[in-house]
2 protein chains.
Amino acid sequence: MATVSRVLNESPNVSPETRANVLRVMADFGFVPNASARNLVRGRTDTIGVVVPFLTRPGVVERVRGIEAVVAASGSSMVMYNVESVERRESLLRVLPEQGHDGLVIVSLPMPHDAAQRLLEVGPPTVLLDAHHRSFSRVVSNDIHGGRLAARHLLDLGHRRIGFVGDAPRLPLGFWSSRLRSIGVRLALEERGLAWDPALVRVGEHGQGQAAELAADLLRGPGRPTAIVAASDTQAIGVISAARTLGFDVPGELSVIGYDDLELAEPLGLSTVRQGLTETGRQAVELLHRITTGGLAGPIRIEAALELVARSTSGRVPAGA
Amino acid sequence: MATVSRVLNESPNVSPETRANVLRVMADFGFVPNASARNLVRGRTDTIGVVVPFLTRPGVVERVRGIEAVVAASGSSMVMYNVESVERRESLLRVLPEQGHDGLVIVSLPMPHDAAQRLLEVGPPTVLLDAHHRSFSRVVSNDIHGGRLAARHLLDLGHRRIGFVGDAPRLPLGFWSSRLRSIGVRLALEERGLAWDPALVRVGEHGQGQAAELAADLLRGPGRPTAIVAASDTQAIGVISAARTLGFDVPGELSVIGYDDLELAEPLGLSTVRQGLTETGRQAVELLHRITTGGLAGPIRIEAALELVARSTSGRVPAGA
DNA sequence: CTGTTAGCGCTTTCAG
DNA sequence: CTGAAAGCGCTAACAG
């Protein structure tokens with residue numbers, strides 16, 4: 001019994017022949033150790049819970065990929081919880097502490113106060129990724145600054161009429177990033193003494209097709225912009241396809257810049273703001289490890305590096321515009 | 001002790017006042033039940049293990065979404081294992097039986113014989129999705145037929161020179177679908193008495209950018225096709241962008257059809273073959289439930305419905321071609 | 001309706 | 001180096 005355990009855990013205090021014997025018998029009997037019993041006595045599960053909204057969005061998936069890589073590398077498993085509604089978020093945050101995970105990574109979801117309280121009191125170590133809360137260690141991104149970087153790039157290319165295509169504030173789950181990026185655009189304009197024209201802003205449901213419609217509306221209107229900042233690469237692609245459908249050359253007649261630097265941005269030549277999706281996913285789990293191993297005093301905040309990536313969908317403003 | 005358990009499990013045999021007392025004390029002490037102990041004694045974990053290759057590919061993610069929906073609806077959690085190399089597949093299949101999951105869904109991965117044997121002998125109930133093995137219940141798709149549907153659609157539109165852009169056989173992990181779809185294309189051609197021209201085939205690494213390069217090469221060559229079947233929607237998008245970059249109108253001068261019917265296919269107007277990614281993910285978990293609840297005699301095989309979805313990237317062959 | 005008791009299958013002292 | 005024994009925290013059967 002105890003010896004079997006020692007073999008399983010590769011304890012050195014087992015003679016080679018005993019080990020061989022045990023292994024043979026295990027094979028003969030088709031013995032499989034019981035994870036629950038093991039977890040019970042060891043007081044940990046080697047699982048990390050990962051809570052994400054809208055699993056299918058490419059940006060979310062890239063984050064998950066970074067998370068997964070580190071979790072798997074540390075020998076743990078990743079338990080995924082997808083959240084697409086407020087009710088689900090609520091019920092999930094309630095039962096999450098009881099799931100016995102060694103740690104939690106919560107992505108992009110604003111934390112209601114009571115859930116935060118409960119997690120802190122009775123939950124496992126938790127980090128937030130792309131979400132803010134004073135009491136948790138977190139990896140965040142400065143969306144306002146990101147929007148500003150995007151707009152500055154276009155301003156540097158001579159553009160003055162800069163439009164914005166983004167998400168309608170998704171009231172229930174409360175995502176702010178699109179809104180913050182638009183504020184960054186406004187800031188950049190005002191820094192250069194230019195006015196922000198609300199007529200050049202279109203927001204709607206998230207998605208490529210929806211963004212295409214928003215952009216088409218914007219481009220067909222009077223005083224169309226010479227450049228558009230999209231709140232995400234997904235939306236930028238929609239904007240570009242709308243522009244091309246309407247016969248505008250990109251970037252000849254319209255410059256477009258996205259946000260995220262998704263994997264597909266590079267092959268598409270999409271100009272964008274890189275926020276290191278995979279990289280920050282990785283960082284979040286590493287942060288969690290630091291907490292778990294006790295090397296951290298209080299909650300800390302890591303800010304993701306933002307980088308403008310100029311490719312071929314943004315160019316100089318057309319002459320005469 | 002036992003009463004607390006009863007409260008936790010919502011047993012009716014608890015007086016309201018006792019229940020209230022227990023709940024109050026639980027709250028005061030910040031009591032959280034231990035999942036491992038519970039799992040140990042109940043003999044199950046309420047977790048389903050999901051093994052997927054290349055988590056970041058959109059098609060895989062749509063499958064996962066279907067899986068997740070059903071798993072979550074049944075009150076279980078989904079533990080994700082991402083596989084991007086043969087070594088990882090091997091080590092994973094070895095330790096998977098010990099993870100204590102109530103069931104396993106294995107997506108798109110060919111099962112080596114020994115791993116299959118071990119899973120059958122000592123593993124939990126397992127279903128395969130988009131993978132074939134006589135001994136497992138599985139949800140599969142007829143890729144040859146799918147390729148044929150795509151090609152027939154183009155043939156019906158008058159095309160005779162039909163190209164194919166797909167994946168190089170990814171030797172290590174052994175994905176066959178691209179290859180099978182190309183065989184379907186060939187079959188469709190031969191059904192109409194047309195020869196399959198290997199000069200119109202390009203295969204390479206999976207991805208939009210790579211597909212664009214393959215397509216560009218194909219379109220610049222002599223005797224270019226009037227239509228191209230891509231092995232996936234992702235690749236079809238690459239093909240289309242290459243065509244447009246080279247100045248070919250789609251579908252005016254080149255028809256393109258993809259495969260999968262990803263979410264983005266509809267907004268892009270991409271013609272494609274729908275294989276119900278989300279839907280089959282759902283089916284796989286439902287199949288697993290049927291096994292778990294004992295309502296299944298032997299391994300069964302469910303074939304996914306395939307449907308041609310004609311949109312606006314495919315049209316009649318140009319006059320004179 | 002509530003308390004007592006016996007394990008679930010493992011790891012970890014502690015003796016030998 | 002190996003076996004015996006205790007106990008992780010819960011549930012289920014059994015008395016009361």
Side-chain angles (χ1 to χ4, degrees), chain A residues 1-47 49 74-77 79 94-103 118 121-125 292, chain B residues 1-47 49 74-77 79 94-103 118 121-125 292:
Chain A
M1 189 72 260
T3 304
V4 172
S5 173
R6 281 187 270 262
V7 171
L8 251 29
N9 294 290
E10 293 171 341
S11 153
N13 303 332
V14 173
S15 78
E17 56 247 49
T18 311
R19 171 191 313 277
N21 260 334
V22 170
L23 289 174
R24 193 175 45 67
V25 174
M26 275 174 51
D28 289 354
F29 278 64
F31 171 84
V32 172
N34 179 310
S36 299
R38 175 173 231 255
N39 292 338
L40 173 59
V41 65
R42 301 202 326 165
R44 55 204 197 90
T45 58
D46 292 334
T47 62
S74 74
S76 290
S77 303
V79 183
R94 210 170 320 110
V95 301
L96 221 35
E98 315 174 9
Q99 301 310 110
H101 301 304
D102 295 346
R118 184 164 148 72
E121 279 166 14
V122 299
T292 310
Chain B
M1 189 71 259
T3 305
V4 173
S5 174
R6 281 188 271 262
V7 171
L8 252 28
N9 294 291
E10 293 170 341
S11 151
N13 303 331
V14 174
S15 79
E17 57 245 48
T18 310
R19 172 192 312 278
N21 261 333
V22 170
L23 289 173
R24 193 177 42 70
V25 174
M26 275 173 49
D28 289 353
F29 279 63
F31 171 84
V32 172
N34 179 309
S36 299
R38 175 173 232 255
N39 292 338
L40 173 59
V41 65
R42 302 203 325 166
R44 57 205 197 89
T45 58
D46 292 335
T47 63
S74 74
S76 291
S77 302
V79 183
R94 208 169 323 111
V95 302
L96 220 36
E98 315 174 8
Q99 301 310 109
H101 300 305
D102 294 346
R118 185 165 148 71
E121 279 165 15
V122 298
T292 310

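All values below come from the heavy atoms of this structure, side chains included, with hydrogens, waters and symmetry mates left out.
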Problem - Candidates C:dG3, D:dG9, D:dG3 - which lies nearest the side chain of A:Leu40 - result: D:dG9
Exercise for the section: Consider the side chain of A:Arg6, meaning its heavy atoms from C-beta on, and name the nucleotide among D:dC8, C:dT13, D:dT11 that approaches it most closely. Expected result: C:dT13
Handout entry: 5′-ward residue of the pair A:Ala2/B:Arg19 relative to DNA chain C
Key = B:Arg19
How long is the line joining [atom1] of [X] and [atom2] of [N], in whole Å?
| X | N | atom1 | atom2 | answer |
| --- | --- | --- | --- | --- |
| B:Met26 | D:dC10 | CE | C1' | 13 Å |
| A:Asn39 | C:dT12 | CG | P | 13 Å |
| A:Glu17 | D:dC1 | CD | P | 10 Å |
| A:Arg44 | C:dC10 | CZ | C1' | 14 Å |
| B:Asn34 | C:dC8 | CG | P | 18 Å |
| A:Arg38 | D:dG7 | CZ | P | 22 Å |
| A:Leu8 | C:dT12 | CG | C1' | 14 Å |

Sugar-phosphate, base or nothing in reach of [X], heavy atoms under 4.0 Å:
| X | value |
| --- | --- |
| A:Asn9 | sugar-phosphate |
| A:Asn13 | base |
| B:Val4 | nothing |
| A:Ser15 | sugar-phosphate |

Problem - Backbone N/O of B:Asp46 and side chain of B:Asp102: donor-acceptor pair under 3.5 Å - result: yes
Practice task
Kindly say whether B:Ser11 contributes a backbone atom to a donor-acceptor pair with the side chain of B:Asn9 at under 3.5 angstrom?
Solution key: no
Handout entry: Check ion pair A:Glu17-A:Arg24 (N to O, under 4.0 angstrom)
Key = no
Practice task
Kindly give the heavy-atom pair with the smallest separation between B:Glu98 and A:Ala35, and that separation in Å.
Solution key: O-CB, 3.3 Å
Problem - Which atom of A:Pro124 lies closest to which atom of A:His101, heavy atoms considered - result: CB-O, 3.3 Å
Practice task
Look at A:Thr3 and D:dG3 and indicate whether a side-chain polar atom (N or O) is within less than 4.0 Å of OP1 or OP2.
Solution key: yes
Handout entry: Short side-chain N/O contact to C:dC8 OP1/OP2 from B:Arg42, under 4.0 Å
Key = no
